[in-house]
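Just below is one structure, and these are the notes that go with it.
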Amino acid sequence: MKIAAWNVNSLKVRLPQLLEWLAARRPDVVCLQETKLEDHNFPRQEIAAAGYHAVFSGQKTYNGVALLARETPADVVVGNPYFPDPQKRLIAATVRGIRIVCAYIPNGQAVGSEKYGYKLAWLDALNRWMGEQLAANPHPPDNPQLVLAGDFNIAPEDRDVHDPAAWAGQILCSAPERGAFQSLLGLGLKDSFRLFEQPEKSFSWWDYRMLGFQKNRGLRIDHILLSGPLAARCTAAGIDRDMRKHERPSDHAPVIAELAD
DNA sequence: ATGGTAGCCGCGCTA
C-alpha cells in the first residue's frame, strides 16, 4: 500500500501534473494540501477518470485539503473537533482499515507573530486529537492503524535544513515548532522517512525565489507519520524530488511511504 | 542586498 502527501500549491494549476504522477506512481492514498479550490470547483471528474475516489475540504485562494484513494474513503471527518477553524486544513477518512489524517499545518509566517500563535495552538489541538484517534482506531485493540500525512511546515531536525545556522530559531525550525513535532512522535507516531537510510540534504520544499531548488536550498517539512504497527509494515519511504524539476512545478515535492500488505 | 517568485479574483496577501 503506497501512501503519498503533496502540497500542490493550486490544484487547478497542478492538475495535469497530478494526473501524470498518479498514472506513473499509482499511489493507493494521496493527501493533497493547498488545493486553493472551493468544493464546487474540485476536479472530481478528472480524478474519478484517473481511478480515484476523492473527499475534500476547500476554500477560495488559500488552504484546502483533499484525500484521494483507490478505494472508497469511509467515515470522513473535516476539521479537528478540538479546534474549530474556518481555514480548511484537515480532512480524515478510513481507507482499507487505516485511519488517514491529511493535514495542512499553518505556516506561522514569523516567530512571535499572530500567525505563529495560531500555528502553535493548532498543533496543540492536533496533538490532542491524534492522541484520541490513536486510541480510537485499534485493529484489533491496542494496534492503532493511523497515518498523519501532509505539509507540517516544520523541519524536525537540523539535518532537514539546507543551512541550519541561517534557519536557527526561525519559522519552520523554532524550538516550539520542533517540540510540537516531537510531541506527535511521543504519541507513538514514527517519521516514515527516517525509518530508512536517506541521502544527505533530502528536502521536500524549496522556495521559488533565488534559484532555491537549483541550489538545493530546501527544507524537509512534508511528512508521513505512521502509528507503530504501520511503521513495522513500512518497507520504503522517500521524496519524489523529480516533480520539483517539472515545468511550472509546485514548490513542494510529493513524499511517499510504502506499506507491506 | 530585508530582495526574489508563484498563485490567488488579487489590485495585497500568503507562502
Side-chain angles (χ1 to χ4, degrees), chain A residues 5-21 31-43 46-47 56-66 79 83 85-91 102-123 126 149-156 160-163 165-174 176-178 180-181 203-223 239-255:
Chain A
W6 191 15
N7 179 325
V8 290
N9 186 21
S10 170
L11 183 53
K12 182 182 173 184
V13 172
R14 234 62 69 188
L15 181 61
Q17 284 177 58
L18 174 66
L19 296 176
E20 275 179 41
W21 178 77
C31 298
L32 300 177
Q33 298 83 45
E34 286 208 84
T35 55
K36 299 185 174 180
L37 288 173
E38 290 181 293
D39 289 349
H40 65 87
N41 290 326
F42 192 89
E46 293 88 339
I47 297 294
F56 40 85
S57 173
Q59 65 185 92
K60 198 187 290 186
T61 309
Y62 302 121
N63 310 312
V65 285
F83 196 88
D85 188 358
Q87 301 187 28
K88 307 302 188 188
R89 297 179 173 278
L90 204 53
I91 190 165
C102 166
Y104 176 45
I105 292 173
N107 173 281
Q109 195 169 62
V111 173
S113 68
E114 189 178 333
K115 289 188 175 66
Y116 183 72
Y118 164 73
K119 179 179 193 173
L120 295 182
W122 202 99
L123 281 162
L126 176 66
D151 178 359
F152 284 62
N153 273 310
I154 300 171
D160 301 311
V161 181
H162 69 90
D163 185 346
W167 282 84
Q170 300 298 307
I171 196 65
L172 314 182
C173 301
S174 72
E177 292 165 86
R178 288 180 168 177
F181 189 87
F203 309 125
S204 65
W205 168 82
W206 301 259
D207 199 301
Y208 282 124
R209 298 167 291 188
M210 305 298 287
L211 301 172
F213 180 68
Q214 290 86 336
K215 296 177 177 175
N216 199 30
R217 297 174 65 85
L219 278 71
R220 192 175 70 91
I221 58 176
D222 301 272
H223 308 295
I239 301 171
D240 226 338
R241 193 176 187 281
D242 283 353
M243 288 307 292
R244 190 62 174 76
K245 299 175 183 169
H246 204 284
E247 193 169 342
R248 213 175 175 193
S250 168
D251 47 350
H252 296 252
V255 296

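Small disclaimer: the values here were computed from a predicted structure and weren't measured. To find a chain, count down the sequence lines: A is the first, B the second, and so on, and within it residues start at 1.
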**Prompt:** If you draw a 6.0 Å radius around CZ in Arg178(A), do more than 12 non-hydrogen atoms from other residues or ligands fall strictly inside?
**Reply:** yes
**Complete:** Closest to the side chain of Met210(A), out of dC9(B), dG7(B), dA1(B), is dA1(B)
**Message:** What's the closest nucleotide to the side chain of Thr61(A) if the choices are dC9(B), dC13(B), dT5(B)?
**Reply:** dC9(B)
**Request:** Give me the ring orientation class for Trp122(A) and Phe83(A): parallel if the planes are under 30° apart, tilted from 30 to 60°, perpendicular past 60°.
**Result:** perpendicular
**Request:** Starting from P on dG4(B), measure out to CG on Asp251(A) and report it in whole angstrom.
**Result:** 18 Å
**Prompt:** Phosphate oxygens OP1/OP2 of dA6(B): is one of them under 4.0 Å from a side-chain N or O of Arg14(A)?
**Reply:** no
**Request:** Could you measure between the two C1' atoms, the one in dG10(B) and the one in dT5(B), and give it in whole Å?
**Result:** 16 Å
**Asked** Of Tyr208(A) and Tyr62(A), whose closest DNA chain B nucleotide lies nearer the 5' terminus?
**Response** Tyr208(A)
**Prompt:** Counting side-chain heavy atoms from CB outward, which of dA6(B), dA15(B), dC8(B) is closest to Val13(A)?
**Reply:** dC8(B)
**Prompt:** Taking CD from Gln87(A) and C1' from dA15(B), how many angstroms apart are they, rounded to a whole number?
**Reply:** 12 Å
**Request:** Rounded off to whole Å, could you give me the CG-to-C1' distance for the Asn41(A) and dC8(B) pair?
**Result:** 13 Å
**Request:** For nucleotides dG12(B) and dA1(B), find the distance between their C1' atoms and express it as a whole number of Å.
**Result:** 23 Å
**Message:** Does Arg89(A) reach a base, just sugar-phosphate, or nothing at all? Heavy atoms under 4.0 Å.
**Reply:** sugar-phosphate
**Prompt:** With side chains defined as the heavy atoms from C-beta onward, is the minimum distance between Lys119(A) and Leu172(A) less than 4.5 Å?
**Reply:** yes
**Prompt:** Roughly how far apart, to the nearest Å, are dT14(B) and dC9(B) at atom P?
**Reply:** 15 Å
**Request:** Considering just the side-chain nitrogens and oxygens of Arg248(A), establish if one lies under 4.0 Å of OP1 or OP2 belonging to dG7(B).
**Result:** yes
**Request:** For Lys36(A) and dA6(B), give me the distance from atom NZ to atom P, rounded to whole Å.
**Result:** 13 Å
**Asked** Do Pro156(A) and His223(A) have side-chain heavy atoms sitting under 4.5 Å apart?
**Response** yes
**Asked** For Lys60(A) and dC8(B), is the shortest distance between a side-chain N/O and OP1 or OP2 below 4.0 Å?
**Response** no
**Message:** Using 30° and 60° as the class boundaries, would you call the ring planes of His162(A) and Phe203(A) parallel, tilted or perpendicular?
**Reply:** perpendicular
**Request:** Rounded to whole angstrom, note down the P distance from dT2(B) over to dA15(B).
**Result:** 23 Å
**Item:** Euclidean distance, atom NE2 of residue His252(A) to atom C1' of dT5(B) [Å, nearest integer]
**Value:** 13 Å
**Prompt:** What's the CG-P distance between Leu37(A) and dC8(B), to the nearest Å?
**Reply:** 8 Å
**Message:** By the 4.0 Å heavy-atom rule, please label Phe213(A) as base, sugar-phosphate, or nothing.
**Reply:** nothing
**Asked** Between Asn9(A) (CG) and dC8(B) (C1'), how many Å, whole number?
**Response** 9 Å
**Prompt:** Expressed in angstrom and rounded to an integer, what is the separation of Lys115(A) atom NZ from dA15(B) atom C1'?
**Reply:** 10 Å
**Prompt:** Side-chain contact, heavy-atom cut-off 4.5 Å: Ile154(A) with Ile221(A)?
**Reply:** no
